[in-house]
Amino acid sequence: AVLARPCTREDIRYGFSECHEGPPGAGPVREAFAYAEDCNLAAKNSTVLPQPLLDLPCEQPCEFNHYLRVKEDFRSSKLKVSCVPCPRGQFSLGGGLYVDGSNGD
């Protein structure tokens with residue numbers, strides 16, 4: 001079934017692609033992108049997704065208890081990647097990844 005409801009900003013999610021070989025000399029890279037869930041991007045009055053960010057280094061460091069997040073800067077309609085503090089109950093050892101859970105999970 002085709003979803004008829006137009007997408008709003010609340011439907012937009014963000015993610016990173018898998019790392020892959022980048023341009024010569026760049027090392028491994030990935031892309032940051034936006035996608036919509038449970039709505040129809042082609043519907044009238046649907047929000048427009050921002051363009052992906054290309055060729056981001058896979059080895060972007062983040063300090064302890066921070067992780068790499070992608071969000072949209074709504075003023076510029078562009079994606080922004082930054083290291084942000086981990087949500088309560090989650091942690092990171094650095095390097096952009098975070099772990100959800102506790103010992104024994």
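Side-chain atoms are counted along with the backbone in the values below, which use heavy atoms only and exclude waters and symmetry mates. The structure presented is a predicted model; accordingly, all values stated were derived computationally and were not measured.
In this view, Leu54 and Glu31, Pro52 satisfy the side chain to side chain contact (heavy atoms under 4.5 Å, CB included) rule, not counting sequence neighbours. Among residues two or more places apart in sequence or in another chain, the side chain to side chain contact (heavy atoms under 4.5 Å, CB included) test is passed with Pro6 by Ala43, Ser46. A search for side chain to side chain contact (heavy atoms under 4.5 Å, CB included) contacts involving Asp73 returns Arg75, Ser76, not counting sequence neighbours. Qualifying side-chain hydrogen bond (donor to acceptor under 3.5 Å, both in side chains) partners for Glu10, counting only residues two or more places apart in sequence or in other chains: Thr8. Residues meeting the salt bridge (charged side-chain N to carboxylate O under 4.0 Å, His left out) test with Arg13, sequence neighbours left out: Glu37. Partners of Ser77 under the side chain to side chain contact (heavy atoms under 4.5 Å, CB included) rule, at least two apart in sequence or in another chain, are Glu72.
Listed by first then second residue, pairs satisfying ring-ring contact (aromatic ring centres under 6.0 Å, His included) with a partner in residues 5-58 read Phe33-Tyr35, not counting sequence neighbours.
Looking only at side-chain heavy atoms (C-beta outward), Pro87 and Tyr67 come within less than 4.5 Å of each other.
Of all heavy-atom pairs between Asp11 and Arg5, the closest is OD2-NH1, 2.9 Å. Across all non-hydrogen atoms, the minimal contact from Leu53 to Leu79 is CD1-O, 3.5 Å.
With rounding to the nearest 0.5 Å, the separation of CG in Leu41 from CG in Leu49 is 4.5 Å. To the nearest 0.5 angstrom, Cys58 atom SG is 9.0 Å from Glu18 atom CD.
The hydrophobic cluster of Val48 has no other members, since no ILVMFWY side-chain heavy atom comes under 4.5 Å of it. Other residues sharing a hydrophobic cluster with Val29 under the 4.5 Å side-chain heavy-atom criterion for ILVMFWY residues do not exist; the residue is a singleton.
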